[in-house]
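Right, one structure below, let's go through it.
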Amino acid sequence: MPEIILEAAALDYSYPDGTNALHNINLQVKKGEKLTILGSNGAGKSTLFMQFNGLYHPSSGCIKYQGQAISYKTKALIELRKKVGIVFQDPDSQLFSSSVYQDVSFGPLNLGLSEQVVEARVKQALIDTETTDLEDKPTHLLSYGQKKRVSIAGVLAMEPEVIIFDEPTAGLDPRHAREFMHLVKNLSSEGKTIIISTHDVDLAYSWSDRLAIMSSGEIIAHGKPGELFLQPDLIERADLALPWLIEVHCGLVAKGWLPPSTPLPKSKEDLLMIIPHSPEHLTNCPIIP
Amino acid sequence: MPEIILEAAALDYSYPDGTNALHNINLQVKKGEKLTILGSNGAGKSTLFMQFNGLYHPSSGCIKYQGQAISYKTKALIELRKKVGIVFQDPDSQLFSSSVYQDVSFGPLNLGLSEQVVEARVKQALIDTETTDLEDKPTHLLSYGQKKRVSIAGVLAMEPEVIIFDEPTAGLDPRHAREFMHLVKNLSSEGKTIIISTHDVDLAYSWSDRLAIMSSGEIIAHGKPGELFLQPDLIERADLALPWLIEVHCGLVAKGWLPPSTPLPKSKEDLLMIIPHSPEHLTNCPIIP
Amino acid sequence: MTIRKLKMISLLITYVIAVYIFFPNDAYGMHIMEGFLPFNWAAFWWLAMIPFVITGVRSIKKTVALHPSLKMLLGMAGAFAFVLSALKIPSVTGSSSHPTGVGLGTILFGPTAMTVLAMIVLVFQAVLLAHGGITTLGANTFSMGVVGPFVSYAIYKGAKKLGAPLWLSVFLAATIGNIMTYVTTAIQLGLAFPAATGGVMASTVKFLSIFAFTQVPLAISEGILTVMVINILSAY
Amino acid sequence: MINIDSYAYSNNLKKIHPAEKSVFAVCTMTVCLTSPTVITPLIILTLMAGGIISKAGIPVRVFLKLMLIPLSFLLLSVLTIAFSISTNPSGFWISQTMYGFTIGIYYPDLITAIHLFLRSLGAVSCLYFLALTTPMTEIISILHKLKVPAIITELMMLVYRFIFVLMETAITIHRAQLSRSGYVSLKVSYRSLSRLFSALLGKVFVKSQELYNAMSARCYTGEIKVLTKKYPISLRNYILIAGLELPLILINLFNRV
């Protein structure tokens, strides 16, 4: 069994004004996995993330890192935040320095690393996010997609074990979203544990190893994406929609073209592949690489 | 031929700092149509919208309303803005008052209407956007989706002929996005001309009568969605992606299951309907209402 | 002798601890609280504030007529000042306190506009945070919106004229502006509550020394911070 | 921290005309301020506490917590007035002399201090009554009707709205900084905070331009006109206010003679 790196155990959280935000959250994050927290706006995804990083204290229950309940003393928190990085949704509030270089160096400098180490880490983070050519640009002149990447570089430069992305593709156009997914794939293959929150069901379905569905501050289900998305009442309850891959797959099964036992397609290539050829084979539709 | 209500003719625009933002824009908006401006982040969609409403002056070329080049004198501008309303992307930089009621009344009051008329219009706009029950709540206690609706109410209360929505579904979860599309459908059936900017190709494909694709400040193509999306090089050039309906349709055509002459499906219901039944008819996939 | 010395030392320690207890973590500028000034003095400071507010309103109207978007900018600047005052800044003594933003605001928007902004911010601080008050609005506006900004402005311009580097002018303007705000408050309290022996002077000195403990470090912290902010802004 | 504000929108008195609530709070506050004795402030404190807790339905715990906010300033200032240091040990009510200095309390100063203590608390309770029952937007509308210069009420409207927007931004930036190990030492704190301030200030410039554009698109021509909600005027409430204020004023006058 893979190691559990991060865990929420019987976690409750109420905002200072008394609003109940999270209720009885139990979630285990396995080392190296790709986990998606899926839920509509206001389901409590971001609030849960703040817990993982020690930004909020739970009202009851606890967060464990590598099996140890985390401590909220300053020193322990610094150690935790070194290990668990969050890329917030709005890059505008993540980039608070005037130049890209300064911003990316903020985290490592705070860790008290030597200047050489900081410089090396910043360089590497800029390379990983393909933002090296932006190094000297003032942050406010960047495009939305560039800001997003620089904000990721700022977290990468701290070399965390677990990286949490809050609604990473919101506001990104298809190309930038693709590039982002590519970057995340690389991070994942380097062994990082990745948690993403989103309400984009297509992304959640295709990308994740495991899925947790949140609704009104609770985790109402978790498991393999292919299993969860075949429970329409669950999806409905969480105010979500079905991924189109599943809709088409089910449509084909319903019409009798695919046997019900066909495994669900994970990507559009999969889907197009499992559609069997018809005897008369004609085409003039363009095929996109 | 339907009347041209709004038009950009040979329009060029550079920002005060010299950045070239729009180049040789020619676009005609027909009365009552549903037009989508599709483009990646930074393609110039928002900048073009600022032109339509007289907020920015073109460097050369002009904007015509009902065939007349618009004047930039205060009085003429007010007349134009009465007719052409914009709902901006971020409701937090559009709502200026903490009271929903006050904010919605701002536009119609500026038109010099009597208090009774304004009151009636505010009431109607709140009903249309289903925000009547928010009337007594302060803006800062509303959710993002609610703020978005109030910002729409503020524009509707001015009863414009043309309504422009800048990235209306960005940041909305599937349910809120559906609700928004429903509202827009109603507006359109009342005869309003609707322009939407987006980089969501599925939305653009299913919703619009006509599509204009922007890339780096230019309109690189316009026409029927079904035609434009069958030109993959165009979509690639604009940093976009293909709508999944088209991908699946083309997949089915390529595999020989559909004759190439089958009309493109406009919605997932269309698609599932055009898939023919197989002789052996088995199913255990759930069907979503 | 040594016992007396010991007593003096223990008294000093008691004082320091007392201040820490009374000002645990939120030394909000030094606004006079609601109802603290007697009616006559409250009215006096209201009247004293009005001409400055009118001058401020006139100057804002003039600039807004020329640049209409400036109204939104000023509105947001006011909100910014409020948010600033609600944040804690690390003080050089280790405790933390809240900045006033007077120095920064004056350098960016000029002293006359600051009077109006300060008054508005003080209303919101009173109603939303219960810091300061409505009856004491006049007195608080006079110290934070008139004396503070005008002193800051004079020092900023003066230091620049004397050829001081930007950082020094900014630091002096913010720090001294802040200190003068607190001195004015102490004088206002002294005037309203003359000591039974020693009168206004004795009372003012008492207030000055009591609040010095939190206000002087705060002024220095704010000075340092204002310099850092202006440095970042001018790098833009 | 902006708890007070959310109660203004959810208390049991929110349907009452804001002018009636303002008149009540301001009149009572004035009466409290002009009171020569400790009796009036005590009555006012009870009256307002009753109004806030039983009429407006604010939880007792919240009310007591709010009353503690100004206490740090109050205690420190009141003690400053009560205590004196002098080289002359005579005339003190209680005193302690050491090293040639006398620290102690003069009797008249003590009386002033006690008066002041209660008067301030009485006035604060009036302020809370207003703040907890009346939304700020309504207070601004009243100021507008009182002919306060439009530029002031307009700025107040904008300030009020954007306090929450900017506060939100400040909190998100602060969080992002914390999660990247900001504020871990004094030096890092200054670096973090100065960047927070300047980033926020940058937002002020960008957002104000966006707001101006959005308002211009809705035909803004230099004056921010809005409709205010109408509330029923209640003669009964005005009679009630008069009925409460008159006896208090009489107590004041009686004690003055």
Side-chain angles (χ1 to χ4, degrees), chain C residues 4 7-8 19 22-24 33-36 38-39 42 57 60-61 64 68-69 71-80 82-84 86-87 89-90 116-117 120-121 123-124 126-131 133-135 189 193 195-198 202-203 206-207 210 224-225 228-229 232-233 236, chain D residues 1-2 4-5 29 32-34 66 69-70 72-77 80-81 84 86 91 98-99 106 108-109 112 116 119-120 122-124 127-128 131 136 149 151-152 154-156 158-160 162-163 166-167 170 186 189-190 193-195 197-198 200-201 204-205 207-209 211-212 222:
Chain C
R4 277 186 173 173
K7 268 190 172 173
M8 277 302 277
V19 172
F22 290 134
F23 282 125
M33 73 174 285
E34 186 68 280
F36 200 79
F39 185 81
V57 164
I60 291 177
K61 266 191 182 159
V64 165
S69 66
K71 195 190 281 176
M72 287 75 202
L73 183 59
L74 282 173
M76 289 213 201
F80 174 73
F82 180 94
V83 171
L84 216 65
L87 292 168
I89 61 172
V116 178
L117 282 187
I120 293 174
V121 170
V123 170
F124 284 108
V127 177
L128 300 180
L129 302 174
H131 291 290
I134 303 297
T135 58
L189 290 172
F193 304 103
T197 38
S203 182
K206 272 198 291 181
F207 278 111
I210 285 289
I224 296 172
L225 213 57
M228 292 172 82
V229 171
I232 295 174
L233 287 181
Y236 259 62
Chain D
M1 59 144 255
I2 313 207
I4 302 179
D5 180 71
M29 205 186 278
C32 186
L33 221 54
T34 49
L66 288 175
I69 294 179
S72 59
F73 175 91
L74 190 56
L75 283 175
L76 203 57
S77 311
T80 311
I81 289 170
S84 298
S86 170
M98 49 189 156
Y99 215 52
Y106 294 107
D109 283 343
T112 316
L116 192 56
R119 212 174 61 203
S120 299
V124 165
L127 175 68
Y128 279 140
M136 199 63 213
I151 186 83
I152 292 183
E154 287 176 353
L155 283 177
M156 284 180 82
L158 296 173
V159 170
Y160 182 57
F162 284 93
I163 278 175
L166 292 181
M167 188 67 85
L186 189 65
S189 289
Y190 273 99
L193 209 63
S194 61
R195 290 199 192 167
F197 284 1
S198 40
L200 206 56
L201 201 56
V204 163
F205 287 98
K207 276 212 177 289
S208 64
Q209 191 56 45
L211 179 69
Y212 175 67

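Chain letters run A, B, ... following the sequence lines, proteins first and then strands; every chain starts at 1.
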Part of [X] within contact of chain C (heavy atom distance under 4.5 Å):
X      : result
D/P108 : side chain
D/M156 : both
D/I151 : side chain

If the condition is ring pair (Phe, Tyr, Trp, His ring centres under 6.0 Å), which residues does D/Y128 pass it with, not counting sequence neighbours? none

Under 4.5 Å from any heavy atom of chain D - which part of [X]:
X      : value
C/V123 : side chain
C/F193 : side chain
C/S69  : both
C/L73  : both

When you measure from the side chain of D/S198 to the backbone of C/L233, do you find a donor-acceptor pair of N or O atoms at a distance under 3.5 Å? no

Is a side-chain donor or acceptor of C/T135 paired with a backbone partner of C/A42 at a separation under 3.5 angstrom? no

Out of D/L158, D/L74, D/T112, D/L116, return the one with the most heavy atom pairs under 4.5 angstrom to chain C. D/L116

Selection from D/Q209, D/K207, D/R119 maximising heavy-atom pairs under 4.5 Å formed with chain C: D/R119

More than 12 heavy atoms of other residues, nucleotides or ligands under 6.0 Å from CZ of D/F205: is that the case? yes

List the residues meeting salt bridge (Lys or Arg N to Asp or Glu O under 4.0 Å) with C/K71, not counting sequence neighbours, and say none if there are none. D/E154

Angle between ring planes, C/F124 versus C/F82, binned at 30° and 60°: parallel, tilted or perpendicular? perpendicular

Under a 4.5 Å cutoff for heavy-atom pairs, which residue among C/L74, C/V64, C/V83 has the most contacts with chain D? C/V83

Going through the checks in order, is the side-chain contact (heavy atoms from CB on, under 4.5 Å) test met by C/V116 and D/I152? CA-CA 8 Å; C/V116 178; D/I152 292 183; 4.3 Å; yes

